[in-house]
Number of protein chains: 2
Amino acid sequence: MPVAKGTSLDPARTREGILAAATGLLYRHGLDGVGVSELCRAVGASKETLYRHFGSKDGLIAAVLEERSARVTHWIAEAATAAGPRPADRLAAVFDALGEWYAEPDFRGCAIVNAATQRHADPARAIAATHLGRYLTMLGDIAADAEAADPGLLARQLLMLLEGATVVADHHDTATAAADAKAAALALLATAAPTRKQAP
Amino acid sequence: MPVAKGTSLDPARTREGILAAATGLLYRHGLDGVGVSELCRAVGASKETLYRHFGSKDGLIAAVLEERSARVTHWIAEAATAAGPRPADRLAAVFDALGEWYAEPDFRGCAIVNAATQRHADPARAIAATHLGRYLTMLGDIAADAEAADPGLLARQLLMLLEGATVVADHHDTATAAADAKAAALALLATAAPTRKQAP
DNA sequence: GCACGATCGAACCGATCGGTACGACCCCCT
DNA sequence: AGGGGGTCGTACCGATCGGTTCGATCGTGC
């Protein structure tokens with residue numbers, strides 16, 4: 001409960017606060033499951049402030065999705081690079097990170113893909129496309145380092161495992177999804193790059 | 001445009017007509033993207049008729065999803081059994097069928113999973129869970145026939161590929177999704193059941 | 001031949017939606 | 001000291017939503 005009436009913090013701080021609170025609410029309740037008034041009450045901001053910062057509800061949604069896409073992909077990429085140089089280790093780390101995410105109590109699937117599903121018009125769908133593109137780039141790096149015969153193909157297949165695991169974890173089987181997907185991903189990697197051993 | 005005012009057809013026929021028309025509209029526009037009034041106009045039925053048959057919009061949605069789940073899974077299973085006795089052929093046929101689906105001009109992802117994403121309350125999510133369960137059963141049969149070391153694991157991995165391919169085809173890369181997923185599925189099958197050849 | 005059941009079309013309801021307007025407040029800067 | 005900008009809270013707007021009701025209509029089975 002920082003601010004009182006007039007603001008002491010700079011507007012950028014206000015904007016970030018709205019963004020952070022809206023991210024959770026829109027994810028949990030769905031884009032159409034929470035109204036702007038309710039959003040403002042939970043955020044602790046007035047409608048006027050929200051609309052000055054984001055222009056419209058869709059503007060707020062777009063900002064939320066862009067920020068979340070950047071943060072999530074960065075988090076996954078960090079987990080991968082922290083696992084060391086070996087492609088198999090990096091790939092395993094990606095799915096281990098997903099497993100932590102799936103285990104969170106209010107896991108609800110991929111927020112960006114979910115949003116694109118709920119909005120058939122442009123903004124959300126475009127963001128989802130670039131979001132998947134970011135994943136594909138990261139997986140493509142792993143595939144290339146593993147000297148896969150067709151790194152692009154392997155990356156697209158790994159992306160399907162990643163998104164499929166997320167869907168299955170959301171709608172069917174939360175417990176084993178990440179581990180199952182990890183095993184499948186490592187099997188695909190081994191099949192696509194049989195020449196590479198773990199020589200130093 | 002069969003019926004005029006009073007009905008000559010039996011109520012079951014009316015119900016089926018509403019169901020069929022609503023299936024397409026709700027899929028294309030999303031569950032919240034089309035109102036009941038618009039739905040009635042497109043269907044050619046009055047609100048009173050719709051509400052007598054389905055009770056509520058959610059009741060209509062549930063009926064649409066149940067019917068679609070049964071029809072889709074039956075269609076995929078038919079494609080698999082028509083491909084012959086060999087597990088690899090049946091698995092390939094599944095993803096070939098998915099490829100036909102992805103290529104349809106108004107493909108929008110899996111209607112049941114999409115609906116479950118849009119509705120955080122019970123009915124749609126429960127239907128999605130049983131829908132994935134049906135897929136899992138079919139894939140489990142293939143895995144078992146292939147004498148996979150762990151048929152349940154393989155089936156869950158294949159399910160992720162199926163759902164992941166659908167997500168990717170919807171939001172990123174429609175063209176190669178099915179073929180990429182098919183190759184990955186066959187590779188997983190070969191890895192999980194290396195003993196089995198195609199002896200007669 | 002007549003009542004019954006299914007249907008239509010349109011009016012209607014309260015609720016809620018996204019978005020705007022306004023007066024009051026308070027902090028920062030000059 | 002004082003003014004301007006960011007904010008709050010609330011009231012308000014038109015539109016639309018899901019759902020109900022009602023009179024008129026028409027085919028079918030008794």
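This is a predicted model, so every value here is computed, not measured. Lettering follows sequence order; numbering is per chain, from 1.
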Self-check item: Per A/Val36 side chain, nearest of listed nucleotides C/dT7, C/dG18, C/dG23
Solution: C/dG18
Quiz item: Is the closest basic N to carboxylate O distance between A/Arg71 and A/Glu67 below 4.0 Å?
Solution: yes
Quiz item: In whole angstroms, how far is the C1' atom of D/dT7 from the CD1 atom of A/Ile18?
Solution: 10 Å
Self-check item: Residue pair A/Arg119, A/Ile61: steps toward the side chain to side chain contact (heavy atoms under 4.5 Å, CB included) verdict
Solution: CA-CA 10 Å; A/Arg119 286 277 182 277; A/Ile61 289 172; 3.9 Å; yes
Self-check item: Gap between atoms CD and P, on A/Glu48 and C/dA24 respectively (whole Å)
Solution: 15 Å
Practice problem: Look at the side chain of A/Lys47 against the base of C/dG19 and say whether a donor-acceptor pair falls under 3.5 Å; ignore hydrogens and angles. | Solution: yes
Quiz item: Any idea which of C/dG19, D/dT7, D/dG19 is nearest the A/Ser56 side chain?
Solution: C/dG19
Quiz item: Between A/Gly35 and B/Ser46, which has a closest nucleotide on DNA chain C that is more 5'?
Solution: B/Ser46
Quiz item: Under 4.0 Å between a side-chain N/O of A/Ser37 and OP1 or OP2 of C/dT16, yes or no?
Solution: no
Quiz item: Do NZ/NE/NH1/NH2 and the carboxylate oxygens of B/Asp150 and B/Arg156 come within less than 4.0 Å?
Solution: no
Quiz item: Any side-chain N or O of B/Thr14 less than 4.0 Å from the OP1 or OP2 oxygen of C/dA6?
Solution: no
Quiz item: D/dG5 P sits how many Å from A/Arg15 CZ, rounded?
Solution: 21 Å
Self-check item: Integer-rounded Å distance: C/dA15 C1' and B/Asp32 CG
Solution: 16 Å
Exercise. Grab the CG-C1' distance between A/Leu31 and C/dC17 for me, whole Å please.
Key: 15 Å
Quiz prompt | Nearest-nucleotide comparison on DNA chain D, the residue closer to the 5′ end among A/Ala45 and B/Asp58 | solution = A/Ala45
Practice problem: Starting at atom NZ of B/Lys57, determine the distance to atom P of D/dG18, rounded to an integer number of angstrom. | Solution: 4 Å
Quiz item: Could you give the CD-to-C1' distance, from A/Glu38 to C/dG19, as a whole number of Å?
Solution: 17 Å
Quiz item: Reckon B/His53 has a side-chain N or O less than 4.0 Å from the OP1 or OP2 of C/dA6?
Solution: no
Quiz item: So, is A/Arg52 near the phosphate of D/dG6, with a side-chain N or O under 4.0 Å from OP1 or OP2?
Solution: no
Quiz item: Any chance NE2 of B/His120 has more than 12 other-residue heavy atoms, nucleotides or ligands included, within less than 6.0 Å?
Solution: yes
Quiz item: Out of D/dT7, C/dT7, C/dG18, which nucleotide sits closest to the side chain of A/Tyr51?
Solution: C/dG18
Quiz item: A/Leu50 has an atom CG; how far is it from atom C1' of C/dT20, in whole Å?
Solution: 13 Å
Quiz item: Is there a side chain to side chain contact (heavy atoms under 4.5 Å, CB included) between B/Thr166 and B/Trp101 once you walk through the steps?
Solution: CA-CA 9 Å; B/Thr166 303; B/Trp101 180 30; 4.2 Å; yes
